[in-house]
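These notes are about the structure you will find just below.
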Number of protein chains: 2
Amino acid sequence: MDDPASCETTDDYDVRQWDTREGCEVRQILDRVADKWSLLVIALLDCQSLRFSELRREIDGVSQRMLSVTLRHLERDGLVSRTVHPVVPPRVDYALTPLGRTLHETIKALVTWTEDHQREIAEARAAYDRGREMMDA
Amino acid sequence: MDDPASCETTDDYDVRQWDTREGCEVRQILDRVADKWSLLVIALLDCQSLRFSELRREIDGVSQRMLSVTLRHLERDGLVSRTVHPVVPPRVDYALTPLGRTLHETIKALVTWTEDHQREIAEARAAYDRGREMMDA
DNA sequence: CAGAATCCCGAGCGATACTG
DNA sequence: CAGTATCGCTCGGGATTCTG
């Protein structure tokens with residue numbers, strides 16, 4: 001945790017590369033991961049394939065349009081696969097690709113971190129807000 | 001990687017809790033992590049404390065306003081500490097808190113994932129776009 | 001059922017000007 | 001130097017409508 005080695009400047013960890021401009025993939029993936037619905041979709045597809053309508057039912061509050069564009073983005077990035085069954089009525093199944101599955105594993109670490117520290121965060125916010133109230137008074 | 005155990009429904013990993021509504025911290029932290037500048041700030045403060053003007057100089061393209069609100073958010077969440085030195089001209093140092101440092105460790109995993117897979121993603125996008133072009137023709 | 005197209009509003013963010 | 005305050009614009013995303 002307090003490993004001093006983590007503070008060394010390593011060649012494979014240049015902060016500048018997180019920049020938005022140029023060919024920075026990190027920013028793009030981060031935007032994808034963090035956009036409003038992608039995370040839910042990825043999590044739901046973790047170990048099952050789902051149809052459009054099933055996803056829509058599971059993800060409370062998502063609009064038809066946003067589910068559509070979210071899936072299109074994830075498909076384009078190779079994170080989700082789209083399978084059309086030529087039947088009537090049309091049936092389309094979505095599933096995580098192997099690549100998408102590895103991303104999900106990584107994301108879980110972040111979710112776990114949040115769960116582990118949400119109490120600390122809540123306390124920090126309360127303390128901060130209390131300080132601000134004092135200022136006003 | 002293909003560990004079937006990772007597909008089990010565990011009590012501490014309910015996807016529904018990632019929802020925006022209710023007291024969901026994951027969404028809030030994710031929004032913080034993913035917003036346009038927080039990540040850069042956290043990365044730059046990893047092993048050093050920096051002044052406002054230093055951060056501004058390091059982070060190419062950030063406006064004074066956005067650096068300010070970003071730091072205020074990070075401070076409120078207990079991720080960054082703010083130290084005012086009562087001198088003229090005023091001097092304020094920002095540094096990562098222990099909590100912020102653990103978050104940075106977690107974020108690094110995501111950055112590493114992106115670096116490891118950005119070629120696959122690029123290829124997936126190229127393939128997708130090629131498919132779309134065929135449609136139009 | 002799955003989704004593309006259109007319209008529209010409000011949050012996010014940049015630019016600018018001002019302050020302790 | 002280290003901010004805050006105000007204005008204005010862009011664009012993400014919701015509601016609605018239309019198609020294969």
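Chain letters run A, B, ... following the sequence lines, proteins first, then strands; residues in each count from 1.
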Rounded to the Å, how far apart are [X] [atom1] and [N] [atom2]?
| X | N | atom1 | atom2 | value |
| --- | --- | --- | --- | --- |
| A/Arg56 | D/dG13 | CZ | C1' | 14 Å |
| A/Leu55 | C/dA2 | CG | P | 9 Å |
| B/Leu50 | D/dC1 | CG | C1' | 15 Å |
| B/Asp93 | D/dG3 | CG | P | 10 Å |
| B/Met66 | D/dG3 | CE | P | 15 Å |
| B/Asp31 | C/dG12 | CG | P | 9 Å |
| A/Tyr94 | C/dA2 | OH | C1' | 7 Å |
| B/Leu71 | D/dG3 | CG | C1' | 11 Å |

Check whether any side-chain N or O of [X] sits under 4.0 Å from OP1 or OP2 of [N], and answer yes or no.
| X | N | value |
| --- | --- | --- |
| B/Ser68 | D/dT4 | yes |
| B/Trp37 | C/dG12 | no |
| A/Arg51 | C/dA2 | yes |

Indicate yes or no: does [X] engage [Y] in a salt bridge with an N to O separation below 4.0 Å.
| X | Y | answer |
| --- | --- | --- |
| B/Glu54 | B/Arg51 | no |
| B/Arg125 | B/Asp129 | no |
| A/Asp93 | A/Arg82 | no |
| B/Asp46 | B/Arg101 | no |
| A/Arg72 | A/Glu75 | yes |

Closest nucleotide among [options] to the [X] side chain:
| X | options | value |
| --- | --- | --- |
| A/Gln64 | D/dT17, D/dA2, D/dG14 | D/dT17 |
| A/Ser53 | D/dC1, C/dC1, C/dG3 | C/dC1 |
| A/Lys36 | D/dG14, C/dG3, D/dC1 | D/dG14 |

TODO: Just call it for B/Arg82: base, sugar-phosphate, or nothing, with non-hydrogen atoms closer than 4.0 Å on any strand.
DONE: sugar-phosphate

- [ ] Report which part of the nucleic acid A/Arg72 touches: base, sugar-phosphate, or nothing (heavy-atom distance under 4.0 Å, all strands).
- [x] sugar-phosphate

Task: 5' precedence on DNA chain C between A/Arg65 and A/Glu54 (nearest-nucleotide basis) - done: A/Glu54

